[in-house]
Amino acid sequence: MCVTAGLVAAYYLLPLDHHDTAVTLALLVGGLLAAAVMFGWEVVVVARSPYPRLRAVEALAATLPMFLLLFAGAYYLLDRSAPGSFSERLTRTDALYFALTTFATVGYGDITARSQAGRVLTMFQMAGGLLLVGVAARVLTGAIEAGLRQRDRSAGPGRGAARAADDRE
């Protein structure tokens, strides 16, 4: 929860005043790489955690907002560098709203990508969101299973108690 609050605060407080599409793309790619590294680290932590299921929820709670805020920032910067990329000018809240509606696949239609760059960026978010949900679920499930096996091995013969404690998470 604190990570999400910090990311949202950073999104609204950081000076996003670049007017260059190349800078926008570089920031998005760099941010996505950072998110991938963070997710990889989270998988290792989940596998080693005494409570892997709880830790997996925490990992998703950090990774998903980061993914959405990166795209919201990219939409905001694209709108600043190429006005008319969207059906209306985007405030930071509008950009976050557009990123979230795209991720959730509800697409109300009130804000749409009009430029080729806006549409390509939106398609990348759609594909990335599908990958994030599918791959993250599979990878985190594997990490949870590894963490539970590790904990059961460490617990020895009384492993039933450890499993029962995990089921209460």
Side-chain angles (χ1 to χ4, degrees), residues 1-47 52-53 55-145:
M1 185 72 152
C2 291
V3 172
T4 301
L7 289 170
V8 171
Y11 171 73
Y12 279 101
L13 295 174
L14 287 174
L16 297 178
D17 53 4
H18 299 286
H19 297 288
D20 185 3
T21 305
V23 171
T24 300
L25 182 60
L27 289 172
L28 176 63
V29 170
L32 290 173
L33 288 173
V37 168
M38 183 179 90
F39 182 73
W41 176 76
E42 292 282 0
V43 168
V44 171
V45 171
V46 167
R53 291 182 184 133
R55 192 66 187 106
V57 170
E58 291 173 353
L60 277 179
T63 304
L64 183 59
M66 186 176 199
F67 176 82
L68 292 172
L69 290 165
L70 283 167
F71 274 97
Y75 294 137
Y76 179 79
L77 289 170
L78 177 62
D79 187 58
R80 294 294 170 267
S81 65
S85 291
F86 297 92
S87 55
E88 61 186 70
R89 292 291 291 183
L90 299 181
T91 64
R92 289 182 195 227
T93 301
D94 293 333
L96 183 55
Y97 168 82
F98 182 71
L100 187 55
T101 57
T102 299
F103 180 78
T105 68
V106 291
Y108 295 116
D110 51 346
I111 301 173
T112 58
R114 287 190 174 164
S115 71
Q116 295 301 299
R119 289 178 177 168
V120 167
L121 187 59
T122 304
M123 288 187 294
F124 275 121
Q125 185 197 344
M126 290 173 185
L130 290 171
L131 284 171
L132 178 64
V133 170
V135 171
R138 180 62 196 123
V139 168
L140 286 174
T141 299
I144 289 169
E145 291 169 357

Taken in chain and number order and not counting sequence neighbours, the residues that satisfy ring-ring contact (aromatic ring centres under 6.0 Å, His included) with Phe67 are Phe71
Is there side-chain contact between Phe124 and Leu32, with heavy atoms separated by less than 4.5 Å?
-> no
Straight-line distance of Arg53 CZ to Glu58 CD, nearest 0.5 Å = 14.5 Å
Would you indicate whether the side-chain heavy atoms of Leu28 and Leu121 approach each other to under 4.5 Å?
-> yes
Is the closest side-chain donor-acceptor distance between Tyr12 and Thr93 under 3.5 Å?
-> yes
Nearest 0.5 Å, what's the OG1-CD1 distance between Thr122 and Ile111?
-> 11.0 Å
For Thr63 and Leu60, indicate whether the former's side chain and the latter's backbone hold a donor-acceptor pair under 3.5 Å.
-> no
For Leu78 and Ser85, which heavy atoms make the closest approach, and how far apart are they?
-> CG-OG, 3.8 Å
Under the ring-ring contact (aromatic ring centres under 6.0 Å, His included) test, which residues partner Tyr11, sequence neighbours left out?
-> none
Mind checking the CD-CG spacing from Gln125 to Leu130? Nearest 0.5 Å is all I need.
-> 10.0 Å
Heavy-atom nearest pair, Ala99 first then Ala72, reads CB-N, 3.9 Å
Nearest heavy-atom approach of Ala113 to Arg119 is O-NE, 3.1 Å
Could you walk me through whether Arg55 and Ile144 pass side chain to side chain contact (heavy atoms under 4.5 Å, CB included), step by step?
-> CA-CA 9 Å; Arg55 192 66 187 106; Ile144 289 169; over 6 Å; no
Where Leu132 and Leu64 come nearest, the two heavy atoms and their spacing = CD2-CD1, 3.6 Å
Could you tell me the separation between the CZ atom of Arg80 and the CG atom of Leu90, rounded to the nearest 0.5 Å?
-> 7.0 Å
For Met126 and Thr102, work out which heavy atoms get closest and say how close.
-> CG-CG2, 3.7 Å
Can you tell me how far the CD atom of Glu42 sits from the CG atom of Leu140, to the nearest 0.5 Å?
-> 8.5 Å
Nearest-0.5 Å distance, CZ of residue Arg92 to CG of residue Leu77 | 8.0 Å
For residues Val135 and Arg138, determine if any side-chain heavy atom of one lies less than 4.5 Å from a side-chain heavy atom of the other.
-> no
For side chain to side chain contact (heavy atoms under 4.5 Å, CB included), just list the numbers for Thr91 and Tyr97, CA-CA rounded to whole Å, side-chain angles, deciding distance to a tenth of an Å, and then say yes or no.
-> CA-CA 10 Å; Thr91 64; Tyr97 168 82; over 6 Å; no
Tightest non-hydrogen contact, residues Val43 and Ala143, listed as O-CB, 3.7 Å
Tell me, do Tyr75 and Asp94 make a side-chain contact under 4.5 Å, heavy atoms counted?
-> no
